Amino acid sequence: MTEGPAILFDGMQAARRSVRASLLPGALGIRDEDGCELAQWPLVGLRIIDRAAGSIRLAPSAGDARLDVSDPLLAAALGDAVAAMPQGHGRWWFRAAGLAATVLAGFWFAGPLLADALARVVPASVAAKLGDAAVAELVGEDKFCTGVAGQAAIDRLAVTLAAAASVPTPRVQVIDSKVINAFAAPGGQVILTRGVIAAVEGPEGLAGVMAHEFGHVHEDHGIRGVARAAGLHLLAMAATGNSKLGSAGAGVLSIANTRAFERAADAEAVRILGNAGFGTGGLRDFLAGVDKLTGARGFLNTHPESSERVKAIPLRPGTKPVMPEADWKALRQMC
Ligand SMILES: [Zn+2]
């Protein structure tokens, strides 16, 4: 196998990327510097954009991506291999097959069971870094709310709920956004919005939302979601201890909450609230009302089918108040 350094222009971002290119049987393989496969471009349909002494610029059959190879041996081998392939518009089916193969090679989806097995071998340090990246993505331009008394109230509730959930106490932060959302990131940190605190009817509703998120934490849904989306790339990160995300992080928010994960987190929430002595009515009321609330789009994106979920949550009264009135007041004013 001929292999060497190359520069990839992916056609979507302006950035150039140092990669490793190799001539495989029937294809040009492109890996990132950590050895994760980025793409395989079939030699059939591969276009030579430019060829000079010791270097070559190649493009796949479709799209704007380009690969510059300046390693003389590899450039010569690739140039000869591409030139030996059938070319021309009459070979459109070769091009179509090549495009399909490129798409398949570029996206590898792990089956859920394999992905869950994968998630179990991911070191906590890698999960935590993935979580940081996901949180940065979710927070975006928003600011964290810094009210000291409000944060202290949240921290106390987090300690109570974590003990009830049998998980290490997650770090819970509030962002100053009117969008109604809550999110449990890989590695166990939880993000709430000002919007979700405003949308719940009282402390019991907030405890319900947090218990649901702690349910995600208990079930490791964050990292399992990433494993389902990023598959082998995640395994490579785990194996090397490297947490450079590439595009894996971008998928965390969109895929983390599958239907099955939501049902499991709701069931966990019922268990956690029960262990803590808190009622389930607040969570039910929140879910029942969330469809009607303006600004709920964020929550509905990541938490679908709220009306169906309400039916699955038994109504149980609490045996004690979730927090003193002063804590709740401080919490509502922490942004
Ligand atoms: Zn959820």
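Please read all numbers here as calculations on a predicted model, not as lab measurements. We count ligands from 1, going down the list as the structure has it; atoms in each ligand are counted the same way.
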**Prompt:** Between His221 and His216, how do the two ring planes meet: parallel, tilted or perpendicular, split at 30° and 60°?
**Reply:** perpendicular

**Asked** Are Asp132 and Gln189 side-chain neighbours, meaning at least one heavy-atom pair lies under 4.5 Å?
**Response** yes

**Message:** Is Glu213 close enough to the Zn ion (ligand 1) that one of its N, O or S atoms comes in under 2.8 Å?
**Reply:** no

**Prompt:** Any N/O/S atom of His216 sitting less than 2.8 Å from the Zn ion (ligand 1), backbone or side chain?
**Reply:** yes

**Message:** To make sure I understand the geometry: which N, O or S atom in Glu262 is closest to the Zn ion (ligand 1)?
**Reply:** OE1

**Fill in**
With sequence neighbours left out, the residues meeting salt bridge (charged side-chain N to carboxylate O under 4.0 Å, His left out) with Asp71 are none

**Message:** Between Arg17 and Asp34 (salt bridge meaning N to carboxylate O under 4.0 Å), is one present in this structure?
**Reply:** no

